[in-house]
Amino acid sequence: MLRGLGTLALGGLLAACQVVPKTQGPPPPPPENPDAIEPGLPTDTDRHRVALLVPETGTNADVGTAIANATTLALLDTKADKLRITTYDTALGAAEAARQAVADGNKLILGPLLSEDVKAVAPIARAAKVPILSFSNDTGVAGNGVFIMGFVPGQSIERVVAYARSKGQQRFGALIPKNLYGTRATGAFRDAVSKAGGTLVAIETYDRSATALSGAARRLANAGDMDAVLIADVGGNAIRAVPVIRSTGDKQILGTELWNTDASLGGSAAMRGAWFASVSDGLYGQLATKYRSRYGKAPYRLASLGYDSVLLTVRIARDWKPGTRFPVNRLMAADGFGGIDGIFRFDNRGIAQRALEVSQVGAGGFRVVDPAPTKW
């Protein structure tokens, strides 16, 4: 079923006319109408009912629409005629969207996208025993029926630090912004360096301004000898910071999944040779081509999460009886799942663990230097 099926056009129902004979006493009650319209979507006993909660209006409408379009492509590609996906606009109120999805009889929720929306939706879905497969990367909202499929920064940091350590880098520093992403990245970096057996030399943080970035980069450059420096920020800020960081000596530059789609990195001579870890882009390129052919424009990178959530659901639906509760325990399969972004599996907190590759920035783009594992 295509996205956007918020309401259904019902065929006209003929009202049955009944001639009541003249008798004493009140006339008998009319027979029950088996086709009477009831609140919510009509009963569908042959297909699995799944809700997609994404923003279709407002600031994040383009991202939400891309995710929804990708779910449509997945349904078409898998020929999933036993799956019915109905889209609800979280921009109009995530809690209200969840209440309507539950009232309509959906047994699984794909989405929401934003962590604050997950917090609003979770108690409603939990009360109805409807699990959530969210597209958020906020590990704080995972658990108790909420599974997150988003790209968690800590995993890419652990992967690239471990790779750098395997190549001989011992002393590590980091340049990290003062925001929620940065807070998570800081903790992940400390853990990653320790786990890899490296030495943490310094971490410098900064507000998101050009002056603050330059100042933090300068402090880090003078903080001591370092073999490698992680820049947990977008490519544009990395390009501005790297010349300053390398002004006191050459260092291996490391990045996160934020660099995955930034083509400008290869245009900076200072960035060439930098490493970053992310999900594989091989299959995503095919999805993007198909998406452009159907919708006339490029998708947002997060669209793959919508596609993969459908692949996951289709796999589980093979042994899931329509109308019954979604078999949550199947999400904990040890061999995990595969999709556009490679293999992944959920840990006991409901966080998607992903197999990541390490890429190197070059003048012509990115080159994979350590492929993602293909099995657990």
Side-chain angles (χ1 to χ4, degrees), residues 59-60 63 112-120 122 134-144 146-162 164 171-196 198-221 223 226 228-242 244-245 253-262 274-279 301-302 305 346-354 356:
T59 306
N60 297 300
V63 181
L113 173 63
L114 306 178
S115 61
E116 55 264 36
D117 287 345
V118 178
K119 293 175 183 177
S134 170
F135 307 130
S136 171
N137 67 351
D138 183 356
T139 58
V141 300
N144 198 8
V146 177
F147 298 79
I148 64 169
M149 294 184 63
F151 308 130
V152 178
Q155 294 179 22
S156 69
I157 291 172
E158 180 179 350
R159 177 77 165 95
V160 77
V161 167
R171 297 169 61 80
F172 292 83
L175 190 64
I176 300 177
K178 292 180 179 178
N179 55 20
L180 182 57
Y181 182 91
T183 299
R184 294 174 185 151
T186 298
F189 180 67
R190 292 182 184 278
D191 292 343
V193 172
S194 175
K195 183 177 179 180
T199 301
L200 177 56
V201 177
I203 296 176
E204 289 292 340
T205 60
Y206 55 93
D207 296 322
R208 299 298 288 275
S209 70
T211 302
L213 174 63
S214 297
R218 194 173 300 107
R219 292 192 301 273
L220 186 65
M226 282 171 258
V229 170
L230 173 78
I231 303 177
D233 205 342
V234 296
N237 283 338
I239 290 171
R240 285 185 282 274
V242 166
V244 179
I245 292 172
I253 302 300
L254 311 177
T256 74
E257 81 290 342
L258 294 177
W259 296 4
N260 178 272
T261 58
D262 194 337
W275 297 329
F276 69 94
S278 71
V279 294
R301 185 61 182 82
L302 293 179
L305 297 179
F346 293 105
D347 63 16
N348 57 11
R349 293 177 55 199
I351 300 169
Q353 297 177 316
R354 296 187 173 276
L356 305 179

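Only a predicted model underlies this, so the values are computations on that prediction, with no experimental measurement involved.
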Item to check | Residue among T211, D233, N237 satisfying side-chain hydrogen bond (donor to acceptor under 3.5 Å, both in side chains) with Y206 | outcome: D233

Next on the checklist: For the backbone of M149 and the side chain of R354, can you confirm whether one donor and one acceptor N or O come within less than 3.5 Å of each other?
Outcome noted: yes

Item to check | Heavy-atom pair of closest approach, residues S136 and V141 | outcome: OG-CG2, 4.4 Å

Next on the checklist: Is the shortest side-chain heavy-atom distance between Y181 and P153 below 4.5 Å?
Outcome noted: yes

Item to check | Pairwise side-chain contact, L356 with F151, heavy-atom cut-off 4.5 Å (strictly under) | outcome: no

Checklist entry - Say you draw a straight line from OG of S134 to NZ of K119; how long is it, rounded to the nearest 0.5 Å? => result 11.5 Å

Checklist entry - Has R190 got more than 12 heavy atoms of other residues, nucleotides or ligands less than 6.0 Å from its CZ? => result no

Item to check | side chain to side chain contact (heavy atoms under 4.5 Å, CB included) between R208 and V234, worked out | outcome: CA-CA 11 Å; R208 299 298 288 275; V234 296; 4.1 Å; yes

Checklist outcome for this item: Scanning both residues in full, the closest heavy-atom pair of A232 with T256 reads CA-CG2, 4.0 Å

Checklist entry - Checking side chain to side chain contact (heavy atoms under 4.5 Å, CB included) for the pair M226/L220: CA distance, chi angles, key distance, verdict? => result CA-CA 9 Å; M226 282 171 258; L220 186 65; 3.9 Å; yes

Checklist entry - Partners of W275 by side chain to side chain donor-acceptor pair (under 3.5 Å), sequence neighbours excluded? => result Q360

Next on the checklist: With heavy-atom distances below 4.5 Å as the criterion, would you say the side chains of R301 and V279 are in contact?
Outcome noted: yes

Item to check | Residues which pass side-chain contact (heavy atoms from CB on, under 4.5 Å) with K178, listed by chain and number, not counting sequence neighbours | outcome: T205, D207

Item to check | Minimum heavy-atom distance A223-A202, with the two atoms named | outcome: CB-CB, 3.7 Å

Checklist entry - Would Q155 and I351 satisfy side chain to side chain contact (heavy atoms under 4.5 Å, CB included), going step by step from the backbone distance to the final call? => result CA-CA 11 Å; Q155 294 179 22; I351 300 169; 4.1 Å; yes

Checklist outcome for this item: Here the pair of heavy atoms bringing V244 nearest to S214 is CG1-O, 4.3 Å

Checklist entry - How far apart are the closest heavy atoms of G150 and L305, and which atoms are they? => result CA-CD1, 4.1 Å

Next on the checklist: A side-chain contact here means heavy atoms from C-beta on lying under 4.5 Å apart; do T139 and I148 qualify?
Outcome noted: yes

Item to check | Separation of N260 CG from F276 CZ (nearest 0.5 Å) | outcome: 5.5 Å

Checklist entry - How long is the gap from CD1 on I245 to CD on E204, to the nearest 0.5 Å? => result 10.0 Å

Checklist entry - Which value, rounded to the nearest 0.5 Å, describes the distance between I157 atom CD1 and I176 atom CD1? => result 6.5 Å

Item to check | Minimum side-chain heavy-atom gap I253-I231 below 4.5 Å | outcome: yes

Item to check | Validation row: D138, R184 side chains within 4.5 angstrom (heavy atoms) | outcome: yes

Next on the checklist: Going by the rule side-chain contact (heavy atoms from CB on, under 4.5 Å), which residues pair with A228 if we only count those two or more places apart in sequence or in a different chain?
Outcome noted: Q169, F172, Q252, L254

Checklist entry - Hey, mind stepping through T186 and I203 against side chain to side chain contact (heavy atoms under 4.5 Å, CB included) and telling me if it holds? => result CA-CA 8 Å; T186 298; I203 296 176; 4.1 Å; yes

